[in-house]
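Here's the structure we're looking at; comments come further down.
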Amino acid sequence: MGKRVAVVLAGCGVYDGSEIHEASAVLVHLSREGAQAEFYAPDVDQMHVVDHVKGQPTQEKRNVLVESARIARGNIKDLAKLDVKGLDAIIIPGGFGVAKNLSTWATQGKNCVISKEVEDVLKAFHAAQKPIGLCCISPVLAAKIFPGCELTVGHDTECEKWPYAKTAETMKELGCKHVNKHVTEVHVDVKNKLVTTSAFMCNAPIHEIYDGIGKMVKEVVRLA
C-alpha cells in the first residue's frame with residue numbers, strides 16, 4: 001500500500017497562490033515514489049488577487065479552496081476536514097499564497113500570524129512524528145511554529161541567483177538554524193522530521209528546481 005501524503009495548496013498562481021510548477025513537481029514525484037497525493041486547501045478568501053501579466057493586485061475576490069481545485073483537477077478537500085490519522089506525511093509547495101493566504105508573512109515577516117487551520121495541521125503531523133515537506137517560501141511556516149528547527153530556503157547571501165536570501169536571515173532571527181543548500185539539494189531535520197528545499201527561491205533552470213523537489217519528496221516518503 002503506497003503512502004498517503006497530504007498536499008496543502010494556497011491558491012493557483014505564484015503571486016497570490018501556490019506555485020503551479022512546484023505543486024505539479026510534487027505530484028509527479030509522489031507518483032514516481034508510489035505514493036498517493038491527497039489535496040487540501042483552506043476554504044477562505046485570498047488576501048488579494050494579482051494580475052499575473054501586470055504583476056499588480058486587482059479588485060477581484062477569489063477563494064483559496066476554489067482556486068486550488070484548478071491544480072488538483074477538482075479532487076480536493078477543505079483543510080478543516082484533514083485527519084492526520086489516515087495520512088503518512090504532509091507537503092506544502094511554495095508560492096506567495098503561503099505568505100498571503102496561509103500566513104501573514106508577506107506583510108508582517110517574522111511577526112506574522114499563521115492561519116489557525118494550517119498551524120493545527122502542522123502541529124498534528126509533528127506531534128504524530130510524521131514527516132513534513134516544505135519548499136520555496138513554505139519553510140517559513142515551520143520557522144514560526146517550531147522554534148529551533150533546522151531548515152533551508154537556499155542561501156543566506158543575496159545575489160542575482162538568490163534574490164530572496166533575506167528570508168534565511170529572518171528565520172535565524174526566529175531562532176532557527178538555516179542551512180545553505182543548492183537548489184538541487186535538501187536539508188533534513190531528523191529530530192523534527194522536516195525536509196526542506198529552496199525551489200523558486202533560487203534563480204535556477206526549472207529542471208534543477210524540479211530535481212530538488214524530487215529529492216524532498218523522496219526523503220518525505222522515506223521518512224513516512
Could you pull out the closest heavy-atom pair between L174 and W105, with the gap in Å? CD1-CZ3, 3.9 Å
Starting from V121, can I reach V118 by hopping between I/L/V/M/F/W/Y residues whose side chains sit under 4.5 Å apart? yes
Ignoring hydrogens, what is the shortest heavy-atom contact between A165 and D156? Give both atom names and the distance. CB-C, 3.7 Å
Distance col, row H187:NE2 vs L134:CG, nearest 0.5 angstrom, shows 12.5 Å
Any idea which heavy atoms bring A204 and V183 closest together, and the distance? CB-CG1, 3.9 Å
Determine, stepwise, if the pair M216 / H29 fulfils side-chain contact (heavy atoms from CB on, under 4.5 Å). CA-CA 9 Å; M216 176 192 74; H29 287 296; over 6 Å; no
What pair of heavy atoms forms the shortest contact from V186 to G212, and how long is it? CG1-O, 3.7 Å
Are any non-hydrogen side-chain atoms of E38 and L82 less than 4.5 angstrom apart? no
Determine all donor-acceptor pairs shorter than 3.5 Å in which one atom belongs to a side chain in residues 189-199; sequence neighbours excluded.
residue	atom	partner	partner atom	Å
D189	OD1	K191	N	3.3
D189	OD1	N192	N	3.1
D189	OD2	E150	N	2.8
D189	OD2	N192	ND2	2.9
N192	OD1	H126	NE2	2.8
K193	NZ	Q129	O	3.0
K193	NZ	L223	O	3.4
T196	OG1	T152	N	2.9
T197	OG1	E185	O	2.7

W162 and H155 aromatic ring geometry - parallel, tilted or perpendicular at 30°/60° bounds: parallel
In this structure, would L27 and V8 fall into the same cluster of hydrophobic residues linked by side-chain contacts under 4.5 Å? no
Given side chains that start at C-beta, do those of H21 and I209 come closer than 4.5 Å, heavy atoms only? no
More than 12 foreign heavy atoms under 6.0 Å from CG of D83: is that the case here? yes
Got a second to check how far I92's CD1 is from I132's CD1, nearest 0.5 Å? 8.0 Å
If only atom types and distance count, is the side chain of D88 paired as donor or acceptor with the main-chain N or O of V5 below 3.5 Å? no
Where do K54 and D51 come nearest, in terms of heavy atoms and distance? N-OD1, 3.1 Å
Around atom NZ of K123, are there more than 12 heavy atoms of other residues, nucleotides or ligands at under 6.0 Å? no
Is the backbone of A89 close enough, under 3.5 Å, to the side chain of K3 for a donor and an acceptor to pair up by distance? no
Does the N101 side chain pair with the main chain of A10, one donor and one acceptor, at a distance under 3.5 Å? yes
With ILVMFWY side chains joined below 4.5 Å, transitively, what does V44's cluster contain besides itself? V64
Measure across P93 and E22 and return the closest heavy-atom pair with its distance rounded to 0.1 Å. C-OE1, 4.0 Å
Measuring from atom CG of D211 to atom OG1 of T184, what distance do you get when rounded to the nearest 0.5 angstrom? 7.0 Å
Take F39 and L9 through the test side-chain contact (heavy atoms from CB on, under 4.5 Å) and record every step on the way to the result. CA-CA 7 Å; F39 285 107; L9 300 178; 3.6 Å; yes
Point-to-point distance, once rounded to the nearest 0.5 Å, from OG1 of T157 to CG of N180: 6.5 Å
Starting from the C-alpha separation in whole Å, work towards a yes-or-no answer on side-chain contact (heavy atoms from CB on, under 4.5 Å) for E19 and C136. CA-CA 9 Å; E19 213 299 320; C136 193; 5.7 Å; no
Treating Ile, Leu, Val, Met, Phe, Trp and Tyr as nodes and any side-chain heavy-atom pair under 4.5 angstrom as an edge, say whether M201 and M171 lie in one connected cluster. yes
Main-chain N/O of V153 paired with H178 side-chain donor or acceptor, under 3.5 Å: yes
With hydrophobic residues grouped by side-chain heavy-atom distances under 4.5 Å, do V7 and Y40 end up in a single group? no
Quick one: name the residues clustered hydrophobically with F96, using the 4.5 Å side-chain heavy-atom rule over I, L, V, M, F, W, Y, and just say none if it's on its own. V14, Y15, V50
Just so I know, are the side chains of S103 and L141 near enough to count as touching, which here means a heavy-atom distance under 4.5 Å? yes
Checking the side chain of K130 only, and the main-chain atoms of L87 only, is there a donor and an acceptor separated by less than 3.5 Å? yes
Tell me, with the steps shown, if E169 and K166 meet salt bridge (charged side-chain N to carboxylate O under 4.0 Å, His left out). CA-CA 5 Å; E169 290 303 319; K166 283 194 174 75; over 6 Å; no
Quick one: does any side-chain atom of R62 pair with a main-chain N or O of V49 as donor and acceptor, under 3.5 Å? no
Once you round to the nearest 0.5 Å, how far does CD1 of I114 lie from CG of D120? 11.5 Å
Are V220 and V28 connected in a single hydrophobic cluster, I mean Ile/Leu/Val/Met/Phe/Trp/Tyr linked by side-chain heavy atoms less than 4.5 Å apart? no
Is any side-chain heavy atom of E67 closer than 4.5 Å to a side-chain heavy atom of D16? no
To the nearest 0.5 Å, what is the distance between CD on E119 and CG on L102? 12.5 Å
